[in-house]
Student: 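Sharing a structure here in structure tokens format.
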Amino acid sequence: MDILAELNAAQKEAVEAINGPVLILAGPGSGKTRVITHRVAYLIKVCGVSPHRIMAVTFTNKAAREMEERLNNLVSGLVRDLTLGTFHAICVRFLRNSGRAAGVDPRFVIYDRDDQLSLVKHSIQEADLDPKQYASSAIISAISSAKSRMLSPPEYLKTGRSYFDEVVGRVYEIYQRLLEESNALDFDDLLMKTVLLFRNNPEILARYQSRYVHILVDEFQDTNLVQYELIRQLGGKHRNICVVGDPDQSIYSWRFADVRNILTFENEYPDAKMVVLEENYRSTKMILDTASHIISANQQRKPVNLWTQNHEGASTVVVETYTEQEEAQFVVSEVERLVGQGEFSLGDCSVMYRTNAQSRVLEEAFVRYGMPYKLVAGTRFYERREVKDIIAYLRLIQNPHDSVSLIRVINVPQRGIGQQTQAKLAGWAKSLGVSQYEALWSMTRDATEDSEIQPPFNSHISRVLTAFSDLMEELILRSKELKLVELFDLVVERSGYKQYLQSENNWQERWENILELRAVAQKEYGDKSPAESLAAFLEEVTLVSDVDDLDESESTVTLITLHQAKGLEFPVVFIVGMEDGLLPHFRSFDDPEQMEEERRLCYVGVTRAKQKVYLVRAFRRSLMGRSTVSEPSRFLNDIPKHLISTGDWREEAESRIVPSIYSWNKPPAPTPSAMEFQAGDHVYHAQFGKGVVVSCQPVKDDAEVVIAFNGAVKKLLLSFANLEKTE
DNA sequence: CGAAAGGCTCTTTTT
DNA sequence: GAGCCTTTCG
């Protein structure tokens with residue numbers, strides 16, 4: 001197979017330029033992914049470069065997986081040795097292997113946003129600051145910003161000028177100390193510690209530098225300073241660095257990504273070859289034209305000339321509805337129409353929005369119509385309470401010093417270890433200069449007699465604490481001989497979590513989640529021992545993003561935020577909430593740079609579409625419970641009239657929908673009796689297949705059934721679900 | 001100590 | 001409108 005055969009001239013150029021730095025500016029739909037995969041394949045197959053010497057950085061794990069798949073088709077078998085993944089995943093590998101030199105214990109756990117939040121709250125308390133006065137999220141963001149610039153707490157304090165900087169500096173200092181005591185790294189640490197490791201250990205860096213002859217970075221416009229530095233370090237020897245990006249799609253500046261990295265790259269590597277990919281293979285002329293008009297209004301950009309050989313296509317549809325409920329109804333009914341005409345399938349359709357909160361009303365509409373959909377994110381699976389609880393137990397086994405996890409589960413299920421006791425324990429551990437777990441553990445030994453500081457607990461509390469310590473010791477001990485899944489089961493069993501869950505409400509659903517987590521452990525790590533798989537499993541569950549789990553082959557409508565949609569494509573795209581205040585978001589109003597980013601976000605959304613774009617807005621929308629009236633998004637003004645079709649959808653849609661099988665207002669008769677179905681009944685659903693009824697509750701003159709289908713739990717309205725009993 | 005209830009506050013986007 | 005925190009009572 002000729003690797004260059006199916007590429008256009010510019011793409012070929014980008015693939016063949018293997019010596020020296022390369023900057024590829026790739027417009028949406030210009031075959032960027034194709035270029036990267038083919039370039040890697042070309043290096044391996046044509047140039048004979050060992051995959052071991054190639055590193056490819058992607059923005060999401062999903063992108064990495066897809067690339068691996070595609071590569072397997074081009075150069076089967078050789079892909080194993082490739083260093084392929086997100087910056088974060090790759091840094092984890094470096095730190096596990098070589099982190100000791102930077103003072104990183106290789107058994108570290110990774111703290112996600114949630115863990116950060118709880119740690120920052122503790123830090124604020126420990127700094128004797130009023131937690132009500134400082135938003136933890138703002139402080140996290142400031143700390144993250146500091147780490148993106150690789151400033152340590154003292155360095156940060158030195159550069160700070162405002163009182164807020166001072167506060168952040170103090171919290172940062174404590175926060176970092178607590179992280180270290182817990183042997184934990186947050187997302188930013190993964191990057192920063194790696195760069196510091198290389199900076200302070202030239203011999204280690206030299207090893208990696210020699211190894212990586214070729215480095216590729218995707219979505220370069222969304223890299224931050226640390227990531228740039230890491231690439232600079234690793235590429236320092238061979239200088240074969242290939243970065244691919246599109247300044248018009250830079251939408252992560254709030255995460256301290258900096259488009260200027262592209263400029264810096266050009267300046268730092270003046271010999272860099274620049275390749276511009278302008279031919280779009282994805283969208284119709286109409287869509288591309290619409291998108292170009294939207295993005296052209298940005299001041300801070302270089303003009304680009306996107307073009308396509310694709311056909312003209314349909315006009316962009318702009319629609320106004322009265323409320324957000326009506327907006328959702330429009331989307332559902334329009335999807336129904338498109339699918340009914342046979343032109344598109346459900347899986348072809350996507351609905352994109354600025355904020356996660358917007359998904360709820362949409363979901364309600366989809367549920368009401370019994371139309372299958374998948375929500376990317378929502379309450380993210382790994383952020384569910386029960387899932388995090390079990391993960392916390394596993395983390396503690398891996399690393400007992402992890403204080404955030406300890407605090408999370410020490411009293412879940414309730415063991416009579418309340419706040420008072422926990423505070424005493426924390427204080428006591430601090431005075432001993434050991435982690436809380438060590439303090440606990442020392443109580444189980446009689447060594448305390450010769451200790452200066454006696455445990456400050458009465459005998460009852462002591463017994464309860466010792467019992468917990470014994471439990472963890474048992475789990476840690478058993479973890480050495482069991483398989484990962486067996487350990488998982490043991491944790492759920494011995495911690496009393498299963499029993500505890502059964503006393504909670506909607507425990508079935510939550511139990512399902514635990515089983516799903518178990519399935520991940522089972523699937524990926526089968527019967528491996530925890531020694532070889534626990535760390536990998538814990539990493540996976542912390543570093544996954546929501547798009548990672550998106551399966552586009554499934555035939556359901558996709559609900560997704562504009563940010564998450566980057567890098568995806570759909571035949572049909574609905575962008576909802578096209579209102580000033582939402583898109584652009586009002587938080588960006590007073591900052592021209594942020595406003596330009598909002599515009600890019602809109603551009604990203606439109607350019608996801610292959611065939612059809614709908615820009616939908618609601619006249620009235622409730623935000624935070626309050627009903628507000630809003631103006632159409634200013635971005636709509638930049639689309640010339642001749643590209644738009646409007647028309648009164650309402651009249652048309654009503655005449656179409658109401659008498660048909662779907663009804664907006666009343667469920668059609670006959671309404672099946674709620675009594676017909678009970679928990680445990682086996683049922684069949686035309687779309688979802690076989691399932692088991694979890695619960696069935698009457699609502700108004702209908703009933704809401706929760707059904708566990710293979711792999712997914714769905715809430716359906718009985719009158720629409722059209723269920724068949726199968727037993 | 002813990003469960004329940006009421007009151008408070010925000011809501012952008014996420015590896 | 002929901003989640004988070006505090007208060008109150010058993």
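Throughout, protein chains are lettered first and strands after them, A, B, ... in sequence-line order, and every chain is numbered starting at 1. As the structure is a prediction and not an experimental result, all values here were calculated from the model.
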Student: What integer distance in Å separates A:Asp115:CG from B:dT14:P?
Tutor: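 Answer to the nearest Å: 18 Å.
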Student: What's the closest nucleotide to the side chain of A:Phe187 if the choices are C:dG1, B:dT14, B:dT15?
Tutor: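 So the side chain of A:Phe187 is nearest to B:dT15.
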Student: Is the shortest side-chain N/O distance from A:Lys121 to OP1 or OP2 of C:dC5 below 4.0 Å?
Tutor: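 Yes, such a contact exists.
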Student: Assign A:Phe59 to base, sugar-phosphate, or nothing according to its heavy-atom contacts below 4.0 angstrom with the strands shown.
Tutor: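 Sugar-phosphate only.
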Student: Assess whether a salt bridge exists between A:Arg620 and A:Glu327, defined as any Lys/Arg side-chain N lying under 4.0 Å from an Asp/Glu carboxylate O.
Tutor: no
Student: Any side-chain N or O of A:Asn224 less than 4.0 Å from the OP1 or OP2 oxygen of B:dT15?
Tutor: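 So the side chain of A:Asn224 is outside the cut-off, no N or O lying under 4.0 Å from OP1 or OP2 of B:dT15.
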Student: Of A:His585 and A:Gln422, whose closest DNA chain B nucleotide lies nearer the 5' terminus?
Tutor: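 Its nearest nucleotide lies further toward 5', so the answer is A:Gln422.
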Student: Do the rings of A:Phe265 and A:Phe220 sit parallel, tilted or perpendicular, given the 30° and 60° boundaries?
Tutor: perpendicular
Student: Specify the separation, in whole Å, of atom CD of A:Gln116 and atom P of B:dT14.
Tutor: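 Between P of B:dT14 and CD of A:Gln116: 15 Å.
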Student: Establish, with yes or no, whether the OP1 or OP2 oxygen of B:dG2 is under 4.0 angstrom from a side-chain nitrogen or oxygen of A:Asn411.
Tutor: yes
Student: Under 3.5 Å for both donor-acceptor distances, Watson-Crick or wobble: does C:dC9 have a partner, and if so which one?
Tutor: B:dG2
Student: Does a side-chain N or O from A:Asn61 land closer than 4.0 Å to OP1 or OP2 of B:dT15, or not?
Tutor: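 Answer is no, no contact under 4.0 Å.
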Student: Less than 4.0 Å between a side-chain N and a carboxylate O, is that true for A:Asp580 and A:Arg634?
Tutor: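 Yes.
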Student: Within 45 degrees of the axis of the six-membered ring of A:Tyr252 and under 6.0 Å from its centre: does A:Arg255 put its NZ or CZ there?
Tutor: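 So A:Arg255 does make the cation-pi contact.
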Student: Quick check on DNA chain B: between A:Gln227 and A:Thr421, whose nearest nucleotide comes earlier from the 5' end?
Tutor: A:Thr421
Student: Taking atom P in both B:dT13 and C:dC4, compute the distance separating them and give it to the nearest angstrom.
Tutor: 15 Å
Student: Does A:Gln564 have a side-chain nitrogen or oxygen under 4.0 Å from the phosphate oxygens OP1 or OP2 of B:dT13?
Tutor: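 No, A:Gln564 has no side-chain N/O under 4.0 Å of OP1/OP2 on B:dT13.
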Student: Is the ring pair A:Tyr614/A:Phe574 parallel, tilted or perpendicular, if the boundaries are 30 and 60 degrees?
Tutor: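 Because their plane-to-plane angle is under 30°, the rings of A:Tyr614 and A:Phe574 count as parallel.
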Student: Can A:Trp254 be classed as stacking with the base of B:dT13, given a centroid separation cut-off of 5.5 Å and a plane angle cut-off of 30°?
Tutor: yes
